[in-house]
Amino acid sequence: MNELFEKQVFEIIMMTPKGRVTSYGAIAKAVGFPNHSRQVGNVLKNYDEDFPAHWVCNSSGRITASCQRDFVGKLKLEGVEVKDGKIQNFKKIFWNPLQEL
DNA sequence: GTTTTGACGCTAA
DNA sequence: ATTAGCGCCAAAA
């Protein structure tokens with residue numbers, strides 16, 4: 001994808017409130033590419049360790065990439081409970097970027 | 001140029 | 001709550 005897309009994706013993620021999570025699809029929509037949820041995941045897979053990619057999960061509240069990094073730990077640190085790769089209270093802590101635009 | 005892959009999403013059983 | 005099937009689209013093969 002183009003640089004702009006990637007830039008926008010990062011931007012949305014940085015807007016995510018602490019202790020909340022959002023989804024690939026929601027971000028895709030927010031940046032104007034409703035059907036590019038997969039590409040959102042793609043940009044998230046190659047960047048630094050410190051970037052808060054753990055705030056992004058799939059639409060069913062599942063952590064897909066927890067096998068790569070310690071997302072669960074980081075989330076817990078921020079008050080997000082994860083049980084078997086599944087985010088507890090997902091509906092409660094889900095943050096929709098579309099509301100903030 | 002064509003096929004496969006993949007950190008996805010939605011709907012219907 | 002789970003599973004199966006289909007739609008989606010850029011990147012890699």
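Chain naming here is simple, since letters A, B, ... match the order of the sequence lines and numbering starts at 1 in each.
Taken to the nearest 0.5 Å, the CZ atom of Phe90(A) stands 4.0 Å off from the SG atom of Cys57(A). In this structure, OG1 in Thr16(A) is found 9.5 Å from NE2 in His54(A), a value given to the nearest 0.5 Å. Here the CZ-CZ distance, from Phe10(A) to Phe5(A), works out to 10.5 Å after rounding to the nearest 0.5 Å. Note: Glu78(A) CD to Ile93(A) CD1 = 10.0 Å, rounded to the nearest 0.5 Å. Rounding to the nearest 0.5 Å gives a distance of 13.5 Å between CG of Asn89(A) and NZ of Lys83(A). How far CG of Leu98(A) is from NZ of Lys29(A): 6.0 Å, rounded to the nearest 0.5 Å.
One interatomic measurement links the two molecules: CZ of Phe5(A) to P of dA10(C), which rounds to 9 Å at whole-angstrom precision. Atom CG of Asp70(A) is separated from atom C1' of dA7(B) by 16 Å (rounded to the nearest Å). Regarding Lys45(A), its NZ atom lies at a distance of 11 Å from the C1' atom of dA10(C), rounded to whole Å. Regarding Lys86(A), its NZ atom lies at a distance of 12 Å from the C1' atom of dT2(C), rounded to whole Å. If you take NZ of Lys91(A) and C1' of dA1(C), they are 13 Å apart, rounded to a whole angstrom. The distance between atom CG of Leu75(A) and atom C1' of dA7(B), rounded to the nearest whole Å, is 14 Å. With rounding to whole Å, Glu6(A) atom CD is found 15 Å from dA10(C) atom P. Between the P atom of dG6(B) and the CG atom of Asn42(A) lies a distance of 11 Å, rounded to the nearest Å.
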Check nucleotides 11-13 of chain B against the protein and report each pair of N or O atoms closer than 3.5 Å, with its distance, or say if there are none.
none

Nucleotide N/O to protein N/O under 3.5 Å, stretch nucleotides 8-10 of chain B:
residue : atom : partner  : partner atom : Å
dC8(B)  : OP1  : Thr64(A) : OG1          : 3.2
dC8(B)  : N3   : Arg38(A) : NH1          : 2.8
dC8(B)  : N4   : Arg38(A) : NH1          : 2.5
dC8(B)  : N4   : Arg38(A) : NH2          : 2.6
dG9(B)  : OP1  : Gly25(A) : N            : 2.8
dG9(B)  : OP2  : Ser59(A) : N            : 2.6

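Using a 4.0 Å heavy-atom criterion, one finds that Asn35(A) contacts the sugar-phosphate atoms exclusively. Note on Ala53(A): a base of the nucleic acid sits closer than 4.0 angstrom, heavy atoms only.
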Next on the checklist: For a side chain to side chain contact (heavy atoms under 4.5 Å, CB included) check, start with the C-alpha distance between Ile13(A) and Ile27(A), then their side-chain angles and the critical distance, and finish with the verdict.
Outcome noted: CA-CA 8 Å; Ile13(A) 294 177; Ile27(A) 294 175; 3.9 Å; yes
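The residue among Arg62(A) and His36(A) whose nearest nucleotide of DNA chain C is located toward the 5' end is Arg62(A).
Partner Val21(A) forms a side-chain contact (heavy atoms from CB on, under 4.5 Å) with one of Val82(A), Val56(A), Leu75(A) and no other, that one being Leu75(A).
A 6.0 Å sphere centred on NZ of Lys86(A) holds more than 12 heavy atoms belonging to other residues, nucleotides or ligands.
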